[in-house]
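Contents: one structure, followed by commentary.
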Amino acid sequence: MANSDPDKLIAKADKLTKLSLTRWNADWRNATGLYEQAAIAYRLAKKYEKAKEAFEMASKGQEMLSSPWDAAKHMESAAALAKEVGNWNQVSDLYRRSSELYIECGRSQPASDALAKGARALEDASPDEAIRLYNDACTALEDDGKEQMAFDLYRSATSVYIKLEKYTDAATLLLRWALAADKCSAAHSQCKAYLSAIIVYLYAHDFQQAEKCHNDCCQVDAFSNSDQNRAATRLLSAYTDGDVEEIKRAAQSSTISNLDHVIIKLARKLPTGDVTALKRDTSDLQEDPLDEDDLT
């Protein structure tokens with residue numbers, strides 16, 4: 001590339017794509033090659049904003065040439081450069097566009113990967129958008145029957161939800177993970193996700209929801225006969241007994257210690273609220289039969 005001044009390459013490419021009295025058809029084939037050369041040259045020169053714009057034009061060129069795969073790759077390169085310059089709004093938009101182009105090719109895995117890259121880039125700068133990207137990345141794989149490939153995405157999204165203290169959303173996502181695990185016959189992962197959801201509800205001090213979740217999970221044979229169910233039952237029993245020390249011991253069980261690190265950290269902090277009220281409720285239930293013959 002002896003004559004590879006990127007500014008001149010861009011000017012030449014732009015000229016090839018603009019219609020005029022002497023040019024009735026845009027020459028996207030030659031222009032796209034020039035945009036690609038310019039993008040690489042700008043990137044090597046660390047002129048990331050110009051490189052990003054050149055990759056966007058190269059992506060448009062590949063679309064015009066009916067090559068969505070190459071268009072997606074270039075758009076992904078543009079997104080990575082948007083991250084490099086801290087243009088967070090564009091990070092999301094460009095990775096989403098890249099994902100759409102991969103979907104056009106019928107390629108759910110790279111489509112999901114593009115969204116996940118955007119999510120990871122935005123976890124600190126825009127965690128709510130990161131969550132949306134993670135959810136969409138999971139959906140791309142679920143819609144293609146590739147749930148098992150989404151397990152790391154469920155894990156990452158759960159972690160962000162917990163950092164944001166959105167515990168109900170975290171538990172809901174864990175139950176979604178359990179359903180996905182069930183679809184691909186990953187019983188162990190399914191049971192771990194159920195137990196994790198119960199722990200998240202307990203950490204949020206929502207015992208009723210934790211108990212309801214446990215009852216629902218017990219309708220699933222794989223869970224009802226599992227170590228994860230036994231760990232959950234022990235934990236919930238300690239709550240109904242109002243036994244703080246037993247809650248702490250139950251949270252140290254080897255089954256819970258084998259969950260994801262973010263869930264283990266929550267379990268180690270249980271209980272997060274006053275559990276004596278739960279004990280009183282249980283005592284009242286146990287005393288009711290003694291009053292049956294008391295007509296006074």
Side-chain angles (χ1 to χ4, degrees), residues 151 154-155 157-182 186-296:
F151 285 10
Y154 297 123
R155 182 178 292 109
T158 299
S159 180
V160 178
Y161 271 134
I162 289 172
K163 285 180 187 174
L164 295 174
E165 299 183 0
K166 294 186 174 184
Y167 301 116
T168 300
D169 290 330
T172 299
L173 185 64
L174 285 162
L175 295 174
R176 177 181 172 186
W177 184 355
L179 180 61
D182 181 48
H188 188 62
S189 294
Q190 179 185 12
C191 294
K192 287 174 71 174
Y194 281 145
L195 175 57
S196 296
I198 292 164
I199 289 170
V200 169
Y201 282 128
L202 290 175
Y203 182 81
H205 203 58
D206 190 345
F207 177 78
Q208 286 187 330
Q209 195 59 45
E211 192 170 47
K212 180 182 181 301
C213 181
H214 180 243
N215 290 338
D216 289 344
C217 294
C218 284
Q219 304 305 309
V220 178
D221 289 341
F223 182 75
S224 63
N225 299 316
S226 69
D227 290 339
Q228 287 76 22
N229 180 32
R230 285 183 278 278
T233 301
R234 180 184 174 190
L235 201 50
L236 292 168
S237 295
Y239 267 84
T240 54
D241 290 341
D243 189 337
V244 172
E245 291 307 312
E246 176 58 16
I247 291 170
K248 290 180 178 180
R249 284 191 293 272
Q252 296 281 344
S253 74
S254 60
T255 301
I256 289 176
S257 296
N258 283 320
L259 299 176
D260 288 329
H261 182 63
V262 68
I263 303 298
I264 297 170
K265 284 177 68 177
L266 298 187
R268 298 291 190 259
K269 295 176 183 176
L270 297 177
T272 54
D274 184 12
V275 296
T276 57
L278 299 172
K279 182 178 181 181
R280 283 198 299 274
D281 290 344
T282 311
S283 299
D284 291 343
L285 287 171
Q286 291 172 343
E287 289 170 7
D288 282 346
L290 300 177
D291 297 332
E292 285 181 3
D293 297 327
D294 185 355
L295 302 177
T296 58

Could you measure the distance from the [atom1] atom of [X] to the [atom2] atom of [Y]? Nearest 0.5 Å is fine.
| X | Y | atom1 | atom2 | answer |
| --- | --- | --- | --- | --- |
| H214 | L195 | NE2 | CG | 9.0 Å |
| T168 | Q209 | OG1 | CD | 7.5 Å |
| I263 | R155 | CD1 | CZ | 10.5 Å |
| D227 | N258 | CG | CG | 9.5 Å |
| L259 | K265 | CG | NZ | 14.5 Å |
| E211 | D206 | CD | CG | 11.0 Å |

Closest contact, heavy atoms only, [X] versus [Y]:
| X | Y | result |
| --- | --- | --- |
| A250 | I256 | O-CD1, 3.4 Å |
| S224 | C218 | CB-O, 3.6 Å |
| L236 | L202 | CD2-CD2, 4.1 Å |
| S257 | R268 | OG-NH2, 2.8 Å |
| A251 | L235 | N-CD1, 4.1 Å |
| D182 | Q190 | CB-NE2, 3.5 Å |

* Evaluate side-chain contact (heavy atoms from CB on, under 4.5 Å) for T172 paired with R176, printing each intermediate quantity in order. => CA-CA 6 Å; T172 299; R176 177 181 172 186; 5.9 Å; no
* To do: Using the six-membered ring wherever Trp is involved, compare the ring planes of Y154 and W177 and label them parallel, tilted or perpendicular (cut-offs 30° and 60°).
  => parallel
* To do: Look at the rings of Y239 and F207 and say which category their plane angle falls in: under 30° parallel, 30 to 60° tilted, over 60° perpendicular.
  =>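 Parallel: the ring planes of Y239 and F207 meet at under 30°.
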Within the distance-only criterion (no hydrogens, no angle test), does the side chain of [X] pair as donor or acceptor with the backbone N or O of [Y] below 3.5 angstrom?
| X | Y | result |
| --- | --- | --- |
| Q219 | N215 | yes |
| S226 | F223 | yes |
| D274 | T276 | yes |

* Quickly, which of Y161, Y201, Y203 forms a side-chain contact (heavy atoms from CB on, under 4.5 Å) with Y167? Name it, please. =>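 The residue from Y161, Y201, Y203 that satisfies side-chain contact (heavy atoms from CB on, under 4.5 Å) with Y167 turns out to be Y203.
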* To do: Please report the C-alpha distance between L174 and V200 in whole Å, then the side-chain angles of each, then the deciding distance to 0.1 Å, and finally whether the side-chain contact (heavy atoms from CB on, under 4.5 Å) criterion is met.
  => CA-CA 9 Å; L174 285 162; V200 169; 3.8 Å; yes
* Is the shortest heavy-atom distance from the side chain of V244 to the side chain of P271 under 4.5 Å? -> yes
